[in-house]
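These notes concern the structure reproduced below.
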Amino acid sequence: MKNKYLCLICAIVVFFPIFGKTIEVNIIPMPNDSQQVVAPEIYGQFAEHLGRCIYGGIWVGEDSDIPNTKGYRNDVIEAFRELQIPVLRWPGGCFADEYHWVDGIGPKENRPKMINSNWGGTVEDNSFGTHEFFDFCELLGIEPYLSLNVGSGTVEEMAKWIEYITAVDGPQAKIRKENGREKPWKLKYVGIGNESWGCGGNFTPEEYSNVYRRYQTYARDFDGNKLYKIASGASDYDFNWTDVLMKNAKNYMKGLSLHYYSVWNWDDKGSATDFSPELYYYTLGKALEIDSVINHHVQIMDKYDPDKKVDMILDEWGTWWNVEPGTNPGHLYQQNTMRDAMVAALSFNTFHKHADRLKMTNIAQIANVLQSMVLTNGDKIVLTPTYYIFKMYVPHQGGTYIPLDIQTPLKKVPSERKDFERQVPIVSATATEKDGVVTLSFANTSLEDKVKVLIPLESLKVGKIKEGEILKGENISDFNDFDMPEKVNLQPFKDSHIKNGILELELPEASIVTLRLV
Ligand code: AHR
């Protein structure tokens, strides 16, 4: 009888780790003189004509019953304002290389329709076009990032689009004015093609570098507008693409892009909400591997460009799961759990480390597609756990990076690549300083254990906790949905104090915390 009870208790401890331990982790700030600033554009977004990202996600049109301002959803405007979005990439993705901008200007009833061949064969009515995009950016103070059509567009078409948007006078400006916009818009970022090794034209790197050189020649600066030209870069581990582009075209670009998705199996990407602890840790390992991937690409860039004149632009990243059951497979609509929030936090902690070369990232995508900020359904909206990470991390935008020595245990996770070893730290953290305020963000990745973090503050020259926030679900698979929109939400964080110049805080299992110190 006694043994029976003993076995039961053992089983509970093994299978239900309710008695997790508390791990102690020391973090030593290592401020240096480099004064490396985390570009605000690291917190950029991406909106593609894909599924319900634009239509229903951002744009409902002025005649909609859904409350809107000039056609843009009011709830979305309000949510996006909080994120202080620095830059928005549009109109794709793969869609960009099939997009013909002239179809998206002028009276809406005259705009031709097209089939969105990349994304579910949906009919695109072009009601959201150049004016709608640039006005949206203006409304929210966002820097537009235009993806130009190289795959199926001509040099002339591309050149005229830039003229239409940015010239004060001339034939294209005249048409713009007839369409209701007198002043040119400001346009800085232009991407010359997207995934040119794949949906953007299936070029070899040698072919594309020549095509890039040609197209970029005609991407002109009009009337004081200055373009920042970004070449279509590699995916993940395609280091040869970076090598050839840098060798052949580095003098013609300001940025070179990179795409990296935290996908574990492209044939069956798994459920967004139903996953095992093993898959959770595996996903974090895959997300963190972007550190090594960036390092490899940066080494190649350094070889050709030691002065770091060409920036790295990670213009697509994030998680990619199977679509929600019953939704169009081509619309990439997925739920978003605390696991996605953890991926976002670990990714930003990693991006900050590369602030000297990495100058922009654009998560895929802003609404209703992949790892999105918001999900909408008719007139309803939910803010995702990933949204809350972006919100918590706003104070890092434009901050000076402070390196940290994080003395954390590591968890080894499997990798399908022999050349990369994946390890997930129990604690991941990052620190920046802006206007005398030090912002520290921490993630406890462990599903079982709490963590006590100790940080000596002397070198940071701060001694008071100003505010703190925590994001945590009851379970790692928790998410917000239309019938439970607040299940995962930011809460004030109270478990921190400063004693004898040491900041001490206790991080619950699978939680993310941001503290601001003065
Ligand atoms: O973000 C979804 C798609 O992923 C983009 O259109 C494409 O560039 C990438 O393959």
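Both counts, for ligands and for their atoms, begin at 1 and track the order of listing.
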* Is there a heavy atom in Trp320 that sits closer than 4.0 Å to ligand 1? -> yes

* Asked: Where does Phe95 meet ligand 1, judged by heavy-atom distances below 4.0 Å: at the side chain, the backbone, both, or neither?
  -> neither

* Would you check the N or O atoms of Glu195, main chain and side chain alike, for any that come under 3.5 Å of an N or O of ligand 1? => yes

* Asked: Identify the closest protein heavy atom to atom 6 (O) of ligand 1: which residue and atom is it, and at what distance?
  -> Glu48 OE1, 2.7 Å

* Would you mind checking which non-hydrogen protein atom is closest to atom 4 (O) of ligand 1, with the distance to 0.1 Å? => Glu316 OE1, 3.2 Å

* From CG (Leu447) to CE (Met338), nearest 0.5 Å -> 10.5 Å

* **Identity and distance of the protein heavy atom lying nearest atom 1 (O) of ligand 1** => Tyr261 OH, 2.8 Å

* Inspect the contact between Lys303 and Asp243 and indicate whether a charged nitrogen and a carboxylate oxygen are less than 4.0 angstrom apart. => yes

* **Check ion pair Asp302-Lys308 (N to O, under 4.0 angstrom)** => yes

* At under 4.0 Å between heavy atoms, which part of Asn194 makes contact with ligand 1: side chain, backbone, both or neither? -> side chain

* If you have a sec, work out which protein heavy atom is nearest atom 3 (C) of ligand 1 and how many Å separate them, to one decimal? => Trp119 CZ2, 3.6 Å

* To do: Flag the pair Glu78 and Arg73 as a salt bridge only when some basic side-chain nitrogen lies within less than 4.0 angstrom of an acidic carboxylate oxygen.
  => no

* Could you check Asn336, Thr319, Asp340 and say which one makes a side chain to side chain donor-acceptor pair (under 3.5 Å) with Thr386? => Asn336

* **Check: Tyr237 ring centre within less than 6.0 Å of Phe420 ring centre** => yes

* To do: Would you check the N or O atoms of Cys94, main chain and side chain alike, for any that come under 3.5 Å of an N or O of ligand 1?
  => yes

* Structure fact -> Which of Trp185, Trp59, Tyr72 passes ring pair (Phe, Tyr, Trp, His ring centres under 6.0 Å) with Phe136? It is Tyr72

